[in-house]
Asker: 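What follows is a structure written as structure tokens; I'll ask about it next.
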Amino acid sequence: MRKNMSMSMSKNMRKKTVVWALTGVMALAFVGCGSSSAGAVGDAGKEIAGTSDNVKAEKINTIVPSTDKKEAAVVEKEAVTEAEESGVRTDEEQLCGGWSSEVSSNITDAHKELFKKAQETLAGATFTPIAFLGSQVVAGTNYRFLCRMDASVAELNAKPVYAVVVIYEDLSGNATISEIKASEVEIPETEAEMVGAYEQTADFSMTEESSKAMKLATATLTGAEYKAVALLGSQVVAGTNYRILCEVNNMTETTETGWAILTVYADLEGNAEVTEIEEMN
């Protein structure tokens, strides 16, 4: 308006006349459809506003679970990392048919009941679980144990030896022994040990010393990979002999997995070597 004030009055008056005419036309148009248009606009405004609120609520509900999922993913990743570092396989690996690698000397009542059912039709030997070596989820579950194997026939006068036994339990609760890997390594007597005799460990856990000796002793072995699973016992000599239960992966065209008991000798200077390998068949 301030710019128009510098123009001539005649031009000003003509423009005002045009503006008033247009204003009148628009006013008449609004009188005719004002009520319906206003209602439509009002309803549309409410609908848009409602939609906006719904969108906001939906976004909030989406964001919160997403945050939770991210936090859960971080926690799960940390748990998996921790499990990998400790050498324990995760639940996901078990579901894919992998074995859990836990070792525990705690034999539960459920384990004992499992053996009772599995040995009902077995003849020739009896097996007593002394350590739980892990499980495998299949169409049912496989359970792996370190066992004491005793000959059933007393006349044989055989001493108890170590064996690895796998029991399969189906989805109906039936149990059968599906695999036996026996050794010729005798289990030490539970009475007071003589000086220089082997002494069985209490919980079968690998110690720092036995793990170090195992690593040094197997570093130069070829043809197979030996994974220490349990420390069966030790013998004090001029140094120490360790009996170690191992899972064996033979490096052939078709990789085979087996079991063996290694005798590892560690001398007083910190050297170590494998002096005997007892394959379990």
Side-chain angles (χ1 to χ4, degrees), residues 87-89 94 97-108 111-112 114-138 140-153 156 158-170 175-188 198 200-201 203-206 210 214 217-218 221 223-234 241-252 254-264 274-281:
V88 177
R89 293 177 182 147
Q94 290 189 53
W99 282 93
S100 66
S101 58
E102 58 187 298
V103 176
S104 172
S105 57
N106 297 324
I107 300 299
T108 65
H111 293 154
K112 294 177 182 177
L114 200 63
F115 266 86
K116 183 179 178 180
K117 289 190 293 183
Q119 293 189 98
E120 287 178 351
T121 59
L122 189 67
T126 57
F127 298 92
T128 304
I130 56 179
F132 178 58
L133 300 180
S135 60
Q136 178 190 40
V137 177
V138 287
T141 307
N142 286 321
Y143 297 93
R144 194 157 58 187
F145 297 90
L146 173 65
C147 294
R148 170 192 172 111
M149 185 175 79
D150 291 275
S152 297
V153 183
L156 294 176
K159 292 185 178 181
V161 295
Y162 291 107
V164 173
V165 175
V166 176
I167 293 182
Y168 168 67
E169 184 180 34
D170 65 22
T176 55
I177 292 178
S178 60
E179 185 179 16
I180 299 172
K181 295 292 185 181
S183 74
E184 296 181 0
V185 178
E186 297 178 358
I187 296 177
Y198 267 97
Q200 183 173 280
T201 55
D203 60 2
F204 301 101
S205 298
M206 291 291 291
S210 62
M214 174 72 182
T218 58
L221 293 182
E225 178 185 14
Y226 294 88
K227 177 185 176 183
V229 174
L231 176 62
L232 303 181
S234 59
N241 283 321
Y242 297 103
R243 277 180 177 166
I244 302 172
L245 175 67
C246 296
E247 188 175 344
V248 185
N249 292 316
N250 295 313
M251 302 305 180
T252 58
T254 56
T255 303
E256 299 177 357
T257 301
W259 293 88
I261 296 176
L262 269 61
T263 300
V264 175
V274 176
T275 58
E276 186 177 359
I277 298 177
E278 170 70 29
E279 299 288 346
M280 302 178 72
N281 301 307

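Being a predicted model, the structure only gives us computed values, none of them experimental. Keep in mind that the numbers below use all heavy atoms, side chains included, and drop hydrogens, waters and symmetry copies.
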Asker: Looking at every heavy atom in both Met280 and Ala163, which two are closest together, and how far apart are they?
Answerer: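 Closest pair (atom of Met280, atom of Ala163, distance): CE-CA, 3.9 Å.
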Asker: Under the criterion side chain to side chain contact (heavy atoms under 4.5 Å, CB included), I'd like the reasoning laid out for Glu184 against Glu278: C-alpha separation, chi angles, the key distance, then a yes or no.
Answerer: CA-CA 8 Å; Glu184 296 181 0; Glu278 170 70 29; 3.7 Å; yes
Asker: Just do the side chain to side chain contact (heavy atoms under 4.5 Å, CB included) check on Leu232 and Tyr198 with the steps written out, would you?
Answerer: CA-CA 9 Å; Leu232 303 181; Tyr198 267 97; over 6 Å; no
Asker: Return the set of residues passing side-chain contact (heavy atoms from CB on, under 4.5 Å) with Ile277 (not counting sequence neighbours), or none when no residue passes.
Answerer: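 If we apply the side-chain contact (heavy atoms from CB on, under 4.5 Å) test to Ile277, skipping adjacent residues, the hits are Tyr226, Ala260, Leu262, Val274, Glu279.
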Asker: Where the side chain of Gln119 meets the backbone of Phe127, is there a donor-acceptor pair that is under 3.5 Å apart?
Answerer: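 Side chain of Gln119 to backbone of Phe127: a pair is present.
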Asker: Considering only heavy atoms from C-beta outward, does the side chain of His111 approach that of Ile167 to under 4.5 Å?
Answerer: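 Contact flag for His111/Ile167 side chains = no.
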Asker: For Val229 versus Trp259, what's the shortest heavy-atom pair and its separation?
Answerer: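 Reported closest heavy-atom pair: CG2-CZ3, 3.9 Å.
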Asker: Distance from Glu225 atom CD to Asn249 atom CG, nearest 0.5 Å?
Answerer: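 Between Glu225 CD and Asn249 CG, I get 5.5 Å after rounding to 0.5 Å.
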Asker: How many angstroms lie between CG in Asp203 and CD1 in Ile130, if you round to the nearest 0.5 Å?
Answerer: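 These two atoms lie 12.0 Å from each other.
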Asker: May I ask you to say whether Glu169 pairs ionically with Lys117, meaning some side-chain N is under 4.0 Å from a carboxylate O?
Answerer: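 Yes, this pair counts.
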Asker: Does the pair Val165 and Met149 meet the rule for a side chain to side chain contact (heavy atoms under 4.5 Å, CB included), with working shown?
Answerer: CA-CA 10 Å; Val165 175; Met149 185 175 79; over 6 Å; no
Asker: Fit a plane to each ring of Phe115 and Phe145, take the angle between them on a 0 to 90° scale, and name the class: parallel (under 30°), tilted (30 to 60°) or perpendicular (over 60°).
Answerer: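 Geometry flag for Phe145 against Phe115: perpendicular rings.
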Asker: Check step by step if side chain to side chain contact (heavy atoms under 4.5 Å, CB included) holds for Trp99 and Leu133.
Answerer: CA-CA 9 Å; Trp99 282 93; Leu133 300 180; over 6 Å; no
Asker: Taking all atoms of both residues into account, what is the closest heavy-atom pair of Asn142 and Ser178, and its distance?
Answerer: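 Shortest heavy-atom separation between Asn142 and Ser178 comes out as OD1-OG, 4.4 Å.
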Asker: To the nearest 0.5 Å, what is the distance between CD (Gln200) and CZ (Arg148)?
Answerer: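 The CZ atom of Arg148 is 9.0 Å from CD of Gln200, to the nearest 0.5 Å.
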Asker: Would the distance check show the side chain of Thr218 and the main-chain N or O of Met214 forming a donor-acceptor pair, the cut-off being under 3.5 Å?
Answerer: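 Confirmed, Thr218 side chain pairs with Met214 backbone.
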Asker: If every non-hydrogen atom of Glu186 is compared with every non-hydrogen atom of Tyr162, which pair is closest and at what distance?
Answerer: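 Nearest pair, atom of Glu186 first, then Tyr162: O-CE1, 4.0 Å.
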Asker: Could you measure the distance from the CD atom of Glu120 to the OG1 atom of Thr176? Nearest 0.5 Å is fine.
Answerer: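 Those atoms lie 11.5 Å apart.
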Asker: What pair of heavy atoms forms the shortest contact from Ile180 to Ile177, and how long is it?
Answerer: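 Residues Ile180 and Ile177, closest heavy atoms: CG1-CG2, 3.6 Å.
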Asker: For Leu231 versus Ser210, what's the shortest heavy-atom pair and its separation?
Answerer: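 Where Leu231 meets Ser210 most closely, the heavy atoms are CD2-OG, 3.9 Å.
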Asker: Once rounded to the nearest 0.5 Å, what's the spacing between atom OG1 of Thr128 and atom CD1 of Ile187?
Answerer: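 Between atom OG1 of Thr128 and atom CD1 of Ile187 there are 8.5 Å.
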Asker: So, does Ser100 use its side chain to make a donor-acceptor pair with the main chain of Ser135 at under 3.5 Å?
Answerer: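 Looks like yes, one N/O pair under 3.5 Å.
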Asker: Measuring from Lys181:NZ to Leu146:CG, what's the distance to the nearest 0.5 Å?
Answerer: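 Spacing of NZ (Lys181) from CG (Leu146) equals 15.0 Å.
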